[in-house]
Q: 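Structure incoming, see below.
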Amino acid sequence: MVVSKEITRKEHSQVQLKATVSNADVRKEYDDLVAYYAKNIQLPGFRKGKAPKDIVERKLGEGLKADALGRILEKALHELFDAEDFPAQDKPIAYSQPELVDEPVLDMEKDLTFTVKYDVFPSVTVGTWKGVEIESPVVEVTDEDVQRELQQLQERNAIVMDKSEGAPVAKNDVVTINYAELDENKEPIKGSERQDFVFTVGSGANIYKIDDDILGMKKGETKVITKTFPADFEYPELAGQTKTISVTVTAVKEKKLPDLDDDFAQDVNEKYKTLAELKADLKKNLEKTLEQRLRELKVNDILEKVLTTSQIDLPESMIRLEQESRWRNLARRFNSSEEQLLSIIQSMGKSYEDMLAEWRPDVEKALKSRLIVDTLIKDLGITATDEELEAEMQSMAEGMNTSIDEVKKYYEQEHMKEYLREDVKERKLFDTLIAEAKVKKGKKQKYLDLMGNNR
């Protein structure tokens with residue numbers, strides 16, 4: 001069918017494919033389609049399947065040609081992409097459908113030439129990764145860090161009870177509120193309402209950070225709060241914005257904290273006999289978490305350095321797919337539908353495309369880092385054996401205080417074992433990157449600041 005093809009590489013990992021289908025195949029596909037319609041449609045004055053072909057052609061007109069053209073293009077592209085001699089690097093990625101550059105003209109007396117464009121998997125040239133210089137902060141787990149963990153355990157084991165009627169909201173109280181953003185007419189903005197939202201006052205576990213604003217309120221009381229959020233606010237959708245929020249307190253509870261003693265330790269887990277044993281275990285876990293965080297930061301710093309000397313031209317469809325994924329994740333984070341999220345964003349004077357544009361630099365960086373990792377794993381021939389997977393599952397079982405059979409049962413699910421294999425390969429690559437890097441001691445830092453990424 002295809003008598004010639006011409007492949008041209010464009011920027012942003014896009015390919016332009018020009019192909020020609022022989023006139024004989026064009027005519028055959030068209031005639032076959034006319035014959036199909038002549039056999040299967042019923043035209044006025046003719047029995048089904050008995051209308052002459054020339055009558056069918058006149059009746060269906062340009063629609064028949066358009067249908068034939070679509071079928072010819074589809075068959076031609078399948079033939080091209082399935083051919084053994086078609087370069088793998090020039091085939092479209094799964095989420096990029098070929099688009100016609102110009103609408104071709106179907107002429108029964110000529111060959112058909114058409115041109116499509118589509119995105120391909122980007123070529124990746126990894127920059128220098130051996131001998132990369134990075135700094136790692138100096139951090140240790142202190143008694144203060146252990147005490148903070150102990151207090152959090154104490155909070156989680158607290159007894160929560162209703163406060164007396166008319167008691168004001170105080171720090172550490174557990175409150176239930178209804179809230180909504182208000183417009184300039186003091187009317188609730190659609191999509192911003194939230195009912196029965198529960199949080200601990202002082203924890204900051206609410207999007208508007210209204211902990212201090214509701215201090216002193218009582219059950220049943222409503223308050224209108226106006227807040228201006230700094231430009232570097234943790235939620236970008238509120239950064240630099242001034243919001244008016246109506247808040248109604250519907251319940252106020254207080255916590256009764258248990259005493260920190262040996263009995264408390266035994267209540268946390270029967271394996272502890274004394275409070276000292278619990279504290280020792282907490283410190284051990286904090287040190288393990290610290291080690292993991294320091295490793296993560298080293299890898300991130302190395303990849304950032306490698307990025308500066310790497311060459312990767314990301315296709316637009318790959319970027320767009322990741323942006324849309326982040327949008328859906330943000331909707332889930334707010335426990336809302338995508339339509340409700342859009343309504344909230346629009347109330348801030350932003351659009352869906354504005355949000356995608358804000359995310360784009362971070363999206364590009366994340367995608368390039370992922371491609372560098374995948375390329376290095378392949379180039380270095382890093383593998384993960386079944387024995388290594390077994391050891392990984394054993395480690396997981398010990399960390400979760402469960403049996404390895406339970407862990408194996410989980411990874412028997414479809415594709416899960418392969419995900420684990422990829423994780424092991426990735427970890428082995430990171431071990432190599434860190435071993436080859438020049439790691440210098442950085443500034444001394446507190447554990448809490450490091451875990452909050454305040455570097």
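Keep in mind that the numbers below use all heavy atoms, side chains included, and drop hydrogens, waters and symmetry copies.
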Q: Taking NZ, NE, NH1 and NH2 as the nitrogens, is one of them in Glu324 or Arg320 under 4.0 Å from a carboxylate oxygen of the other?
A: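 Here Glu324 pairs with Arg320 in a salt bridge, since their nearest N and O are under 4.0 Å apart.
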Q: Is there a side-chain contact between Ile372 and Ile312, using heavy atoms and a 4.5 Å cut-off?
A: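 Yes - at least one pair of side-chain heavy atoms lies under 4.5 Å apart.
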Q: Search all heavy atoms of Phe199 against all heavy atoms of Ala205 and return the closest pair with its distance.
A: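 Heavy-atom minimum between the residues: CB-O, 3.7 Å.
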Q: How close do Leu80 and Ala19 get, heavy atom to heavy atom, and via which atoms?
A: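 Between these two residues, the closest heavy atoms are CD1-CB, 3.9 Å.
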Q: So, Lys425 and Glu422, do they make that salt bridge, N to O below 4.0 Å?
A: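 Yes.
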Q: In plain terms, say whether Lys446 and Glu144 are close enough for a salt bridge, that is, a side-chain N and a carboxylate O under 4.0 Å apart.
A: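 Here Lys446 does not pair with Glu144 in a salt bridge, since their nearest N and O are not under 4.0 Å apart.
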Q: Charged N to carboxylate O under 4.0 angstrom, Asp90 versus Arg9?
A: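 Yes.
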Q: Taking all heavy atoms of Leu433 and all of Leu303, pick out the closest pair and write down the distance.
A: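 Where Leu433 meets Leu303 most closely, the heavy atoms are CD1-CD2, 4.4 Å.
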Q: Would you please classify the geometry between the Phe86 ring and the Phe81 ring as parallel, tilted or perpendicular, with 30° and 60° separating the classes?
A: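 Phe81 vs Phe86 ring planes: perpendicular.
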Q: Decide yes or no on salt bridge (charged side-chain N to carboxylate O under 4.0 Å, His left out) for Lys284 and Glu287, but give the supporting numbers first.
A: CA-CA 5 Å; Lys284 180 182 176 182; Glu287 288 173 341; over 6 Å; no
Q: Counting only heavy atoms not in Gln413 (residues, nucleotides, ligands), do more than 12 fall under 6.0 Å from its CD?
A: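 Enclosed: over 12 neighbouring heavy atoms sit under 6.0 Å from CD of Gln413.
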Q: Considering non-hydrogen atoms only, spot the tightest contact between Pro87 and Ile7 and give its length.
A: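 That closest heavy-atom pairing would be CD-CD1, 4.1 Å.
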Q: Just so I know, are the side chains of Thr274 and Asp262 near enough to count as touching, which here means a heavy-atom distance under 4.5 Å?
A: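 Thr274 vs Asp262: side chains touch.
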Q: Looking at Glu140 and Lys444, is there a salt bridge between them, counting it only when a charged N and a carboxylate O are closer than 4.0 Å?
A: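 No salt bridge links Lys444 with Glu140.
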Q: For atom CD of Gln311, is the number of surrounding heavy atoms from other residues, nucleotides or ligands below 6.0 Å larger than 12?
A: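 For Gln311, atom CD is not crowded (no more than 12 foreign heavy atoms under 6.0 Å).
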Q: Using modelled atom types and a 3.5 Å cut-off, is there a donor and acceptor pairing between side-chain atoms of Tyr118 and backbone atoms of Lys91?
A: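 Here the side-chain-to-backbone pair does not exist.
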Q: If you compare all heavy atoms of Ala239 against all heavy atoms of Phe233, which two are closest, and at what distance to 0.1 Å?
A: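 So the minimum-distance heavy-atom pair works out to CA-CB, 3.9 Å.
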Q: Main chain of His415, side chain of Glu418: is a donor-acceptor contact present, judged purely on distance under 3.5 Å?
A: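 Pair absent, no side-chain N/O of Glu418 close to backbone of His415.
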Q: Could you state the interatomic distance from CD1 (Ile344) to CG (Leu330), rounded to the nearest 0.5 Å?
A: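 So the CD1 of Ile344 and the CG of Leu330 are separated by 8.5 Å.
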Q: Show the numbers, then the answer: is there a salt bridge (charged side-chain N to carboxylate O under 4.0 Å, His left out) between Glu364 and Arg360?
A: CA-CA 6 Å; Glu364 290 190 18; Arg360 185 176 178 114; 2.7 Å; yes
Q: Is the count of non-hydrogen atoms from other residues, nucleotides or ligands lying under 6.0 Å from Glu353 atom CD greater than 12?
A: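 Above 12, so yes.
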Q: Decide yes or no for Tyr352 and Leu341: does some side-chain heavy atom of the first lie under 4.5 Å from some side-chain heavy atom of the second?
A: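 Tyr352 vs Leu341: side chains apart.
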Q: Without swapping roles, check the side chain of Asp173 against the backbone of Val175 for a donor-acceptor pair under 3.5 Å.
A: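 Such a contact is absent between Asp173 side chain and Val175 backbone.
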Q: Rounded to the nearest 0.5 Å, what separates atom CD1 in Ile214 from atom OG1 in Thr248?
A: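 So the gap between those two atoms works out to 11.0 Å.
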Q: Taking the basic N atoms (NZ, or NE/NH1/NH2) and the acidic carboxylate oxygens, is any pair closer than 4.0 Å for Arg427 and Asp431?
A: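 The answer is no: the pair does not qualify as a salt bridge.
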Q: When you compare the side chain of Val424 with that of Lys428, does any pair of heavy atoms fall below 4.5 Å?
A: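 Yes, at least one pair of side-chain atoms sits under 4.5 Å.
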Q: What's the separation between atom CG in Leu100 and atom CZ in Phe114, rounded to the nearest 0.5 Å?
A: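 Rounded to the nearest 0.5 Å, the CG-CZ separation comes out at 8.0 Å.
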Q: Is there side-chain contact between Pro168 and Glu221, with heavy atoms separated by less than 4.5 Å?
A: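 In short, these two side chains do not touch, never coming nearer than 4.5 Å.
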Q: Quick one: are Ile207 and Glu237 in side-chain contact, heavy atoms under 4.5 Å?
A: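 They are in contact (side-chain heavy atoms under 4.5 Å apart), so the answer is yes.
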Q: Measuring only between side-chain heavy atoms, which start at C-beta, is Leu282 closer than 4.5 Å to Leu153?
A: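 Yes. Closest side-chain heavy atoms under 4.5 Å.
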Q: Could you tell me whether Asp212 and Lys171 have a side-chain N and a carboxylate O separated by less than 4.0 Å?
A: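 Salt bridge between Asp212 and Lys171, a charged N being under 4.0 Å from a carboxylate O: no.
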Q: Does NZ in Lys279 sit with more than 12 non-hydrogen atoms of other residues, nucleotides or ligands closer than 6.0 Å?
A: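 No, NZ of Lys279 has 12 or fewer neighbouring heavy atoms, counting only those of other groups under 6.0 Å.
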Q: What distance do Asn206 atom CG and Ile177 atom CD1 have between them, rounded to the nearest 0.5 Å?
A: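 Reported value, rounded in 0.5 Å steps: 6.5 Å.
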Q: Is the shortest side-chain N to carboxylate O distance from Lys75 to Glu79 below 4.0 Å?
A: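 Judged by the 4.0 Å cut-off on N to carboxylate O distance, Lys75 and Glu79 do not form a salt bridge.
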Q: Is it true that atom CG of Asp259 has more than 12 heavy atoms of other residues, nucleotides or ligands lying nearer than 6.0 Å?
A: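 No - once you tally the heavy atoms of other residues, nucleotides and ligands closer than 6.0 Å, there are 12 at most.
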Q: Hey, could you give me the CG/OG1 distance between Asn285 and Thr289, rounded to the nearest 0.5 Å?
A: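 Answer rounded to 0.5 Å: 6.5 Å.
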Q: Quick one: do Glu155 and Lys255 make a salt bridge, cutoff under 4.0 Å?
A: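 Yes.
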Q: Say whether, by atom type as modelled, one donor and one acceptor occur between the side chain of Ser343 and the main chain of Glu339 under 3.5 angstrom.
A: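 It does not hold such a pair.
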Q: Is it true that Asp374 and Arg370 make a salt bridge, defined as a side-chain N closer than 4.0 Å to a carboxylate O?
A: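 Result for this pair is yes, salt bridge flagged.
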Q: Compile the donor-acceptor pairs under 3.5 Å between side chains in residues 11-18 and protein atoms, sequence neighbours left out, one pair per line.
A:
residue, atom, partner, partner atom, Å
His12, ND1, Asp313, OD1, 3.4
Ser13, OG, Asp313, O, 2.3

Q: For residues Ala384 and Glu388, report the shortest heavy-atom separation together with the two atoms involved.
A: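 Taking every non-hydrogen atom into account, CA-OE1, 3.2 Å.
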Q: Please lay out, stage by stage, how Arg71 and Asp67 fare under the test salt bridge (charged side-chain N to carboxylate O under 4.0 Å, His left out).
A: CA-CA 6 Å; Arg71 293 175 182 233; Asp67 193 356; 3.2 Å; yes
Q: Whether Glu412 and Lys408 form a salt bridge (side-chain N of Lys/Arg under 4.0 Å from carboxylate O of Asp/Glu) is what I want to check.
A: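 No.
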Q: So, does Thr20 use its side chain to make a donor-acceptor pair with the main chain of Ser4 at under 3.5 Å?
A: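 Absent.
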Q: Give a yes or no answer on whether the side chain of Lys368 reaches the backbone of Leu314 with a donor-acceptor pair at less than 3.5 Å.
A: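 Side chain of Lys368 to backbone of Leu314, a donor-acceptor pair under 3.5 Å: no, none is there.
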Q: Find out whether Thr402 and Tyr410 are in side-chain contact, i.e. whether some heavy atom of one side chain is under 4.5 Å from a heavy atom of the other.
A: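 Answer no - side chains too far apart.
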Q: Decide if the gap between the ring center of Tyr208 and the ring center of Tyr179 is smaller than 6.0 angstrom.
A: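 Between Tyr208 and Tyr179, the centre distance is under 6.0 Å.
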Q: Does Lys209 use its side chain to pair, donor to acceptor, with the backbone of Gly204 at less than 3.5 Å?
A: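 Yes.
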Q: Could you tell me the separation between the CZ atom of Phe197 and the CG atom of Asn178, rounded to the nearest 0.5 Å?
A: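 So the gap between those two atoms works out to 11.5 Å.
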Q: Quick test of your reading of the model: are Glu392 and Lys417 salt-bridged, counting only N-O distances below 4.0 Å?
A: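 Salt bridge: no.
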Q: Is Glu296 salt-bridged to Arg293, going by a charged N under 4.0 Å from an acidic O?
A: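 A salt bridge links Glu296 with Arg293.
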Q: Okay, side chain of Ser310, backbone of Val126: is any donor-acceptor separation there less than 3.5 Å?
A: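 It does not hold such a pair.
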Q: Using modelled atom types and a 3.5 Å cut-off, is there a donor and acceptor pairing between side-chain atoms of Gln340 and backbone atoms of Ser337?
A: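 Yes, because the side chain of Gln340 sits within donor-acceptor range (under 3.5 Å) of the backbone of Ser337.
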Q: Tell me whether the count of non-hydrogen atoms from other residues, nucleotides or ligands lying under 6.0 Å of NZ in Lys227 goes above 12.
A: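 Above 12, so yes.
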Q: Is there a donor-acceptor pair under 3.5 Å between the side chain of Ser325 and the backbone N or O of Leu321?
A: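 No, the answer is negative, given that no donor and acceptor are paired below the 3.5 Å cut-off.
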Q: One pair to check against salt bridge (charged side-chain N to carboxylate O under 4.0 Å, His left out): Asp301 and Lys298. What are the steps and the verdict?
A: CA-CA 5 Å; Asp301 287 350; Lys298 287 175 186 176; over 6 Å; no
Q: Just wondering, are more than 12 heavy atoms of other shown residues or ligands nearer than 6.0 Å to CG in Asp423?
A: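 Counting neighbours around CG of Asp423, more than 12 heavy atoms of other residues, nucleotides or ligands fall under 6.0 Å, so yes.
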Q: If you draw a 6.0 Å radius around CG in Asn329, do more than 12 non-hydrogen atoms from other residues or ligands fall strictly inside?
A: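 Atom CG in Asn329 is packed in, count exceeds 12.
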